Amino acid sequence: MAKATYNNIVELRIAGYMALKEALGRDNALRFMQDCYPGSGDYTKEKYEQPDISVDEMFDMVEEYERTKAAS
C-alpha cells in the first residue's frame, strides 16, 4: 500500500486519528488519545470563566476567522 505524504498538519492529524480509529475501534482510540494527552488545568473553573456564546455567534467567529485567513 502506498503511503500518503501530508504537507498540511491538520490533514496529517485527521489521517492519524482515522488510522487509530480503524486499528483500535472508536472507544479504544479515544482511550488511547486520553492517555497520551491527559490535559491540564481546571476545566470546570475555566468553563465558567468563559462568556456565554451562542451557536450562531460561534459560527460567525469561525466564518470571520476563515475570511481573515483566506485574505492573508
Side-chain angles (χ1 to χ4, degrees):
M1 177 183 347
K3 302 288 184 200
T5 300
Y6 297 95
N7 296 320
N8 180 317
I9 191 66
V10 173
E11 292 175 357
L12 176 62
R13 286 181 184 151
I14 291 170
Y17 294 146
M18 296 303 290
L20 275 174
K21 180 182 167 195
E22 186 175 320
L24 302 176
R26 185 190 63 155
D27 293 343
N28 287 324
L30 288 172
R31 287 177 50 218
F32 175 79
M33 287 187 288
Q34 286 174 333
D35 184 57
C36 290
Y37 309 105
S40 63
D42 184 342
Y43 168 77
T44 303
K45 178 182 173 203
E46 293 171 9
K47 173 182 163 186
Y48 291 107
E49 290 175 349
Q50 299 299 316
D52 289 332
I53 298 175
S54 71
V55 172
D56 290 333
E57 290 172 309
M58 198 177 317
F59 277 115
D60 290 343
M61 291 167 67
V62 170
E63 288 174 348
E64 178 63 25
Y65 170 78
E66 289 175 348
R67 277 193 298 272
T68 58
K69 186 176 177 184
S72 58

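Worth saying up front: this structure is predicted, and the values here are computed from it rather than measured.
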**Q.** Heavy-atom side-chain proximity of Thr5 to Asn7 below 4.5 angstrom
**A.** yes
Q. Got a sec: does the CD of Glu22 have more than 12 other heavy atoms crowding it under 6.0 Å?
A. no
Q. So how far is it from Lys21 NZ to Leu30 CG, rounded to the nearest 0.5 Å?
A. 9.5 Å
**Q.** Joint hydrophobic cluster, Leu24 plus Met18, side-chain heavy atoms closer than 4.5 Å
**A.** no
Q.
Once rounded to the nearest 0.5 Å, what's the spacing between atom CG of Asn28 and atom CG of Asp35?
A. 11.5 Å
**Q.** Tyr17 vs Met33 side-chain heavy atoms within contact, under 4.5 Å
**A.** yes
Q) Any idea which heavy atoms bring Gly41 and Glu46 closest together, and the distance? A) CA-OE2, 4.0 Å
Q: Could you tell me which non-hydrogen atom of Val10 sits nearest to which non-hydrogen atom of Asn8, and how far apart they are?
A: N-OD1, 2.7 Å
Q.
Is the shortest side-chain heavy-atom distance between Met61 and Ile53 below 4.5 Å?
A. yes
Q. Does anything in residues 56-72 pair up under salt bridge (charged side-chain N to carboxylate O under 4.0 Å, His left out), and if so which pairs, sequence neighbours excluded?
A. Glu64-Arg67
